[in-house]
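Comments concern the structure below.
The analysis underlying the following values was restricted to heavy atoms, covering all of them including side chains, and did not include hydrogens, waters or symmetry mates. Proteins get letters first, then strands, A, B, ... in listed order; numbering begins at 1 in each.
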Amino acid sequence: MKIASWNVNSLNVRLPQLQQWLADFAPDVVGLQETKLEDHRFPEDALLEAGYRSVFHGQKTYNGVALLARHPIAAVQSGIPDFADPQARAIAATVNGVRIVNLYVVNGQDLGTDKYDYKLRWLDAVHGWLAEELKAHPHLVVLGDFNIAPDDRDVPDAAVWNDDHILTSSAERSAYQRLLALGLHDGLRLKHDDAALFSWWDYRQAAFRRNLGLRIDLTLVSDALKAQVQAVGIDKTPRSWERPSDHAPAWVELRGQAQLLQ
DNA sequence: ATGGTTGTTATACAA
């Protein structure tokens, strides 16, 4: 069972690339972020033609998340329960007995800004939510654009991306570690120790060509799923296409779910 | 990073 996360930076612009990538990579489940579409504009029919059901939680211009799956999608939760949020940044559902939580974590702009405070409050709400999700669903995958680079392997220059920098600050990384402490594991680090396995590259300054990126798109798996992780990676292919998203898909493959996929 | 690029019911703002 291949489960992926992709920040498409406008599904309206990226739909042809998403269709191509679904055909090439054939994931079973995909969490999308930054769809930037109101729900009535979501391309549900085009994705059905590609073989994927979808559930979505969007808004005009900004944010927007969705889950796509080749198989039935159950128990959909849009937004963080009991957390009033005008921004569409979270959606969860169950597919083949695996609970999937898809997050578009707040960027936070800069330390000391209102957006940074919102990011930390938002992550605190996610912490409470995931604690409940884990109780109800031990087989949990949490994926998305975390807008946090977990450690120094995940940045090109740790002197620049330091404790006082957005996406790597100590408060952000502590909030991320608090999520892991619930009983979650960074899927990629179960299989790879390498530095510079990035998932996002700025559009500016030829950052992709120079591999000046960050690893901020993550696939976390719960304790109960850890032994089922077969492979994990980041598919840089779509980032090399014409007019790409600035993010590449991050994916995790679980074994032992194949019989459920029939 | 003071810039740079991309997206949006844009022409500032978010990333």
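- Between A/Arg204 atom CZ and B/dA14 atom P the separation is 14 Å, expressed in whole Å.
- Following rounding to the nearest Å, A/Asn147 (CG) and B/dA14 (P) show an atom-to-atom distance of 14 Å.
- For the P atoms, the distance linking B/dT5 with B/dA10 amounts to 23 Å, nearest Å.
- Using a 4.0 Å heavy-atom distance criterion, A/Arg41 is classed as a base contact.
- Using a cut-off of 4.0 Å between Lys/Arg side-chain N and Asp/Glu carboxylate O, A/Arg41 and A/Glu38 are scored as not salt-bridged.
- Put simply, CD on A/Glu34 is 18 Å from P on B/dC13, counting in whole angstrom units.
- Contacts between residues 101-120 of chain A and DNA chain B, defined by a heavy-atom separation under 4.0 Å, are made by A/Tyr104, A/Asn107, A/Lys115.
- Using cut-offs of 30° and 60° on the angle between ring planes, the pair A/His165 and A/Trp161 is tilted.
- In this structure, A/Asp186 pairs ionically with A/Arg215, as a charged nitrogen and a carboxylate oxygen lie closer than 4.0 Å.
- In this structure, A/His247 and A/Trp200 have tilted ring planes: the angle between them lies in the 30° to 60° band.
- At the heavy-atom level, A/Val160 lies nowhere under 4.0 Å from the strands shown.
- A/Ser170 contributes atom OG, which lies 12.0 Å from atom CD of A/Gln177 (distance to the nearest 0.5 angstrom).
- The phosphate of B/dT6 has neither OP1 nor OP2 within less than 4.0 Å of any side-chain N or O from A/Arg239.
- Between A/Arg189 and A/Asp154, at least one side-chain N (NZ, or NE/NH1/NH2) sits under 4.0 Å from a carboxylate O, which counts as a salt bridge.
- Across the protein-nucleic acid pair, A/Tyr203 atom OH and B/dA14 atom P stand 18 Å apart, rounded to whole Å.
- Going from atom CG of A/Leu11 over to atom C1' of B/dT8 covers 14 Å, rounded to whole Å.
- Spacing of C1' atoms, B/dT2 relative to B/dG7, comes out at 24 Å, to the nearest Å.
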- Query: Yes or no on side-chain hydrogen bond (donor to acceptor under 3.5 Å, both in side chains) for A/Gln33 and A/Asn102, after CA distance, side-chain angles and deciding distance?
  - Reply: CA-CA 8 Å; A/Gln33 305 88 36; A/Asn102 175 24; 2.8 Å; yes
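- Separating the CD atom of A/Gln205 from the P atom of B/dT5 is a distance of 9 Å, rounded to the nearest angstrom.
- A/Arg210 comes within contact range of no nucleotide atom at all, as no heavy-atom separation falls under 4.0 Å.
- Put simply, A/Thr61 has a side-chain N or O that comes within less than 4.0 Å of OP1 or OP2 on B/dT9.
- For B/dA14 and B/dT9, the P atoms lie 15 Å apart once the distance is rounded to whole Å.
- The OH atom of A/Tyr62 sits 9 Å away from the P atom of B/dT9 (whole-angstrom rounding).
- A/Arg243 has no side-chain polar atom (N or O) that falls below the 4.0 Å cut-off from OP1 or OP2 of B/dT5.
- Note that CG of A/Asp164 is 11.0 Å distant from CD1 of A/Ile166, once rounded to the nearest 0.5 Å.
- Taking the nucleotide of DNA chain B with the nearest heavy atom to each of A/Arg89 and A/Pro244, the more 5' of the two is matched to A/Pro244.
- A/Asp202 places its CG atom 10 Å from the P atom of B/dT5, with the value rounded to the nearest Å.
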